[in-house]
Amino acid sequence: MTPPVSAPVIHDVNTLPSGDNVNPYAFSVDVQGQWFLQKGKMIAYYGQLSFDGVGHGRFDRLLAGSFHSPMHAADWVVAEGSGKMLLADRSFDINSYDLDDGNLTIRSGNLLAYEPGLALKQSIIPGFLTLIGTGKFVAASNGPVIFAEPPIRVDPEALVGWADCPSPCHHYDHQYLRGVLGGVRRLTGLGGASGEEHQYEFVGAGTVLLQSSEQVMAARPTGATPGQQGVPRQRGGVGGLLDM
Amino acid sequence: MADFTLQGSKVLAVRMGGDSVKAKNGAMVAYDGQMAFKRLSGGGEGIRGMVTRRLAGESMTMMEVKGTGTCYFADRASEINLVQLGGEKLWVEASNLLCTDGGLRTGTAFTGLRGASQGNGLFTTTLEGAGTAAIMSDGPAVVLRVAPGMPLTVDPGAYVAHTGNLTQQFQSGVNFRTVIGEGGGEAFQIRFEGDGLVYVQPSERNTIGGDV
Amino acid sequence: MPFTQVNSKVVQAKIQAGQRLYSQRGAMLAYSGAVSFTPDLAGGQGGIGGMIGRRVANEATPLMTVEGDGTVMFGHGGHHIEVIELSGETLYVEADRLLAFDGQLRQGTMFMGQQGGVMGMVRGQVTGQGLFTTTLAGNGAAAVMAHGGVLALPVTPQSPVHVDPQAYVAHRGELQNKLTTALGWREMVGRGSGEGFQLELTGSGTVYVQASEEKL
């Protein structure tokens, strides 16, 4: 007797979605033209597609419009042609976001791919990138993304990004830092820290994106900033608020 | 024949009534009833199979589980996919094989250039016969059809298994060369042509062929 | 019940003035309202004695007290979270798997010789360390972490369950446990290694098993 096993869903070039998830961890892009993607995130494709590093000369004009992070060019690839391409990242959850003449700031390690209608720029917050314009982008997160509204305070490691609201500020638990317990801790070394003395505080109107874990996605270099007065210094290597 | 069902997507329950299954060594997490475990040398097909396997460098350490009751299998929280075979052949990376019906024949096959590109495992595990196989993937596998005129290109790190009559060809993936001659390494891809199904995982964790 | 599951990896707790929760340090993802997080000097309710007991028991997973009025989200390491509700029973769980739990629950540590010290029993027998396990008793809920999903297997007097100690997460109910080994298992995984044993759980209750042989 053959036990019943539910037949798996079989996809082909026609049944794969266009610009939508195949499952929570794989995303199908219908490429007609060009897409930017992070190196190493394409898992399979149908059709005629070529992949070139963004440093490739013939993309000069495309880059001028859509790519403004000069230092991490080596981590990005342009997919060009026509076909369907599957994106995934270490079986992390994948979501797509549509911006309509909007802007969204995202941790560099979470961004997987975007279409050239959007422009990618370095955020003034180290380790974050800002997407501006109209179009779709694809991002990964450790666990599903949770959308929250300000006012909220967020563990820095759980922050994926934010849209429309003002950039966050640092919040310190002063009661803890200065209180009796702090004194005891200084005197005896006992007790340690709760690990929650510092958060990012968001206020105003907008949306804050959280991931389901405080495990940060490995940061991608966002590039150094010009060393001039008035520009907060960013490290040229792997950027991130956490190493400040 | 043993009855395979999934408990969630990461635990496999196999109900047995005195029959046996082959499973990845040590992948049992719980059982009720009576079970006996036996290490299979060389995948269970005797000395010839063992020698072939040695040569193949495929380290498939399997065990035979025999008994009456339900045995639960899981491995490092991997996603489990059930594949029903009705006489055809399944090619699967040995490390992705969790459990098979005792009656499926296991063997090794030469995989050519893809193996060469990974620098290890020139051979892959094959399963043949009628019955159920449970294969593992990092995240739920996506099953993609290959048909004449509809070839498929896959990142070697995302490839899990395939069935059908397919040829595979190894090709260069991304051109990282820039105008100023800055090199960014090279990446490889596998191109499948013919008629069959390819299982890919939403992860490229084990890519040895390079980043695409 | 103070915990709501946001998704498989995040739980949300609503706290009101006068209530408190304990959680693993650093497991807060976000909060709104006036909530304070204090490192738990006394290791939970056990007092200093409890803390020392824990140190000795090698179960010194650092906790923090969460108090105030607001909403807090917890998650840790991308692990799956199972909320287990208790109504008067006792839950036996390794301390490092506890993400957060209701302050009303009575905490304790259980010496391995008695029922409960499951991992301790295995570790104790095999490696000579970690003879205690944590117990939570009373009315309330606990959020427990596991690698991969959690499978709850019922144990009845007619059907004992054998569990790979590496995959064991927690158990509840009137269960007795002992180390056994199945026919052929020790020969296969290697004699003398801790993996050569299984836990046999008999009685009536539930054992929670994770989809992995990996420790957290």
Side-chain angles (χ1 to χ4, degrees), chain A residues 1-17 21-28 37-60 73-80 83-94 140, chain B residues 1-6 14-15 78-79 81-84 86 101 130-132 134 137-147 150-155 157-159 172-180 182-185 187 189-190 192 197-205 207 210-212:
Chain A
M1 188 198 77
T2 305
V5 174
S6 62
V9 182
I10 297 165
H11 295 279
D12 63 31
V13 67
N14 301 311
T15 62
L16 276 176
N21 280 74
V22 180
N23 64 37
Y25 317 98
F27 190 87
S28 171
L37 56 143
Q38 238 188 44
K39 197 165 134 182
K41 307 307 176 199
M42 187 282 291
I43 56 163
Y45 69 86
Y46 288 107
Q48 296 298 316
L49 292 178
S50 65
F51 299 87
D52 289 286
V54 292
H56 210 258
R58 65 198 177 86
F59 293 121
D60 273 355
D75 280 332
W76 287 86
V77 170
V78 182
E80 191 176 32
K84 284 209 177 135
M85 156 174 95
L86 290 183
L87 302 174
D89 186 9
R90 293 162 287 170
S91 74
F92 288 120
D93 289 68
I94 311 269
Chain B
M1 209 177 264
D3 177 22
F4 287 56
T5 50
L6 292 180
V14 180
R15 215 165 51 230
S78 298
E79 208 75 21
N81 311 271
L82 294 181
V83 182
Q84 192 68 50
D101 260 320
T132 313
S137 51
D138 185 9
V142 179
V143 190
L144 296 168
R145 184 180 298 286
V146 177
M150 192 170 70
L152 174 74
T153 310
V154 171
D155 178 338
Y159 168 80
S172 172
V174 181
N175 179 7
F176 283 113
R177 260 171 313 169
T178 61
V179 268
I180 52 168
E182 213 180 287
Q189 301 170 340
I190 331 167
F192 287 94
L197 299 175
V198 179
Y199 292 73
V200 296
Q201 63 184 9
S203 168
E204 56 307 272
R205 231 171 217 158
T207 303
D211 277 349
V212 174

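Per chain, numbering begins at 1; letters A, B, ... match sequence-line order.
The two residues A:H11 and B:V142 come nearest to each other via the heavy atoms CD2-CG1, 3.9 Å. The two atoms that bring A:S91 and B:D138 nearest to each other are OG-OD1, 2.8 Å, heavy atoms only. The heavy-atom pair separating A:L86 from B:V200 by the smallest distance is CD1-CG2, 4.5 Å.
Of the two parts of A:V13, the backbone and the side chain both hold a non-hydrogen atom closer than 4.5 Å to a non-hydrogen atom of chain B. Interface residue B:L152: backbone and side-chain heavy atoms are both found under 4.5 Å from chain A. Of the atoms belonging to A:L16, it is side-chain heavy atoms, and not backbone ones, that fall under 4.5 Å from chain B.
Rounding to the nearest 0.5 Å places CE of A:M42 at 6.0 Å from CG of B:D155. Atom CD of B:Q189 and atom CZ of A:F51 lie 5.5 Å apart (nearest 0.5 Å).
For the side chain to side chain contact (heavy atoms under 4.5 Å, CB included) test, residues two or more places apart in sequence or in another chain that qualify with B:P140 are A:N23, A:Y25, B:E79, B:P202.
Residues B:T153 and A:L49 are not in side-chain contact: their nearest non-hydrogen atoms beyond the backbone lie 4.5 Å or more apart.
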